[in-house]
Protein chains: 2
Amino acid sequence: MERKTKQRNAILATLAAENRPLSTQEILENAQKKVPNLGIATVYRAVREFVDAGQITAINLPGDPSQRYEIKGKHHHHHFWCRACGKLFELEGCSGKLNIKTPKGFKTELHEVIFRGLCPKCKT
Amino acid sequence: MERKTKQRNAILATLAAENRPLSTQEILENAQKKVPNLGIATVYRAVREFVDAGQITAINLPGDPSQRYEIKGKHHHHHFWCRACGKLFELEGCSGKLNIKTPKGFKTELHEVIFRGLCPKCKT
DNA sequence: CCAATATTGATAATTAATTATCATTTATCA
DNA sequence: TGATAAATGATAATTAATTATCAATATTGG
């Protein structure tokens, strides 16, 4: 990643503009508004490089093999995953501690919480 | 699933004996102690049938495309996933409510929590 | 016990996300 | 501006879990 290109600018700007993790397809579709003939291979290459460079983070969901990406450096948070449209949303306010205890002997390093249900648009 | 076979008995007994979700490979290895030349295809077929029959449930983990299975009907609980050995463990005691609020307009239907870290065996 | 057929085991096929390839285009710097 | 090499876009290849295929085996009801 040695040169500035409009493709990479558009991809990073897309991620910065949305306050939720985006799939590679979502990135492609949004960034194509700025760079119409952007290809999916460039999206994959760019997100890999941004991840390596520490600028974005990959988000994985249980049962979904595709990756989503969000800007790195946000405070601790979790996500809401709409079962209808498949979009992922950011949720505020996890204290960092959950009222679930791990038994003696286990060393917890992190926790992930995923809420599932319907987003406002799909609920109506 | 119309006939009783030693293969399916061994597979279900394996899942019942462990109090944690098992991958198809773990099921295969454990059940082979009872049915030595058990094949992986039979494991896949059996778990699919047990899921359809409502006897077991598939568990998915973020970033791991392979499925794990546990006996259905347990009370609400979550899991601990060891990053070293990859084994999944059952955790007691989720109140069902977390101290994370979803914004207005979202309808939460369920939540999943995954703890990651080291299990007792891998910690030492 | 026997016939009918469900099940098994070995392995080929599938599937979907991601990565590699390569000719063409483009950013950068002298 | 022009040379150089990085980046792009189209698409082929890869990868790993799961499913399908099919001949051989085993269960079950009579």
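Just so it is clear: chains get the letters A, B, ... in the order the sequence lines come, proteins before strands, and each one is counted from 1.
- Running 5' to 3' along DNA chain D, contacts with non-hydrogen atoms of chain A at under 4.0 Å begin and end at D:dA5 to D:dT11.
- Five base pairs at each end of the helix from C:dC1-D:dG30 to C:dA30-D:dT1 define two local axes, and these are offset by 40° (rounded to 10°).
- In this structure the side chain of A:L61 never reaches within 4.5 angstrom of the side chain of A:S66, judged on heavy atoms.
- Ion pairing of A:E26 with A:R20 is present here, as a side-chain N (NZ or NE/NH1/NH2) and a carboxylate O approach within less than 4.0 Å.
- Residues of residues 55-69 of chain A that place a heavy atom closer than 4.0 Å to DNA chain C, in numerical order, are A:P65, A:S66, A:Q67.
- Looking at residues 40-47 of chain B, you'll see B:A41, B:T42, B:R45 sit with a heavy atom under 4.0 Å from some atom of DNA chain C.
- The distance from atom CD of B:Q32 to atom P of C:dT8 is 14 Å, rounded to the nearest whole Å.
- Proximity of A:L118 to B:E109: side-chain heavy atoms (C-beta onward) are separated by under 4.5 Å at one or more points.
- Among residues at least two apart or in separate chains, ring pair (Phe, Tyr, Trp, His ring centres under 6.0 Å) pairs with a member in residues 86-105 of chain B are A:F106-B:F89.
- Residue A:T24 is the one, among A:T24 and A:T5, whose nearest nucleotide of DNA chain C lies closer to the 5' end (criterion: closest heavy atom).
- Listed here is the closest heavy atom pair of A:Y69 and A:L15: O-CD2, 3.2 Å.
- Shown are A:E112, A:R68, A:E70; of these, the side-chain hydrogen bond (donor to acceptor under 3.5 Å, both in side chains) with A:H79 is made only by A:E70.
- Listed for the B:W81 side chain is no donor-acceptor partner under 3.5 Å among the backbone atoms of B:G117.
- Hydrophobic clustering (ILVMFWY, side-chain heavy atoms < 4.5 Å, transitive): B:I59 and B:V47 are in distinct clusters.
- The aromatic rings of A:H111 and A:H76 sit perpendicular, their planes meeting at an angle over 60°, well past the 30° parallel limit.
- Residue A:N37 is the one, among B:K6 and A:N37, whose nearest nucleotide of DNA chain D lies closer to the 5' end (criterion: closest heavy atom).
- Legend: residues meeting side-chain contact (heavy atoms from CB on, under 4.5 Å) with B:Q25, ordered by chain and number and at least two apart, are B:S23, B:L28, B:E29, B:I40.
- Looking only at side-chain heavy atoms (C-beta outward), B:C94 and B:V113 stay at 4.5 Å or farther from each other.
- Cluster membership check: B:I27 does not share its hydrophobic cluster with B:L88, using side-chain heavy-atom separations under 4.5 Å among Ile, Leu, Val, Met, Phe, Trp and Tyr.
- At least one side-chain nitrogen or oxygen of B:R8 sits closer than 4.0 Å to the OP1 or OP2 atom of C:dT8.
- Residues A:N19 and A:K74 meet the side-chain proximity criterion, which asks for heavy atoms closer than 4.5 Å.
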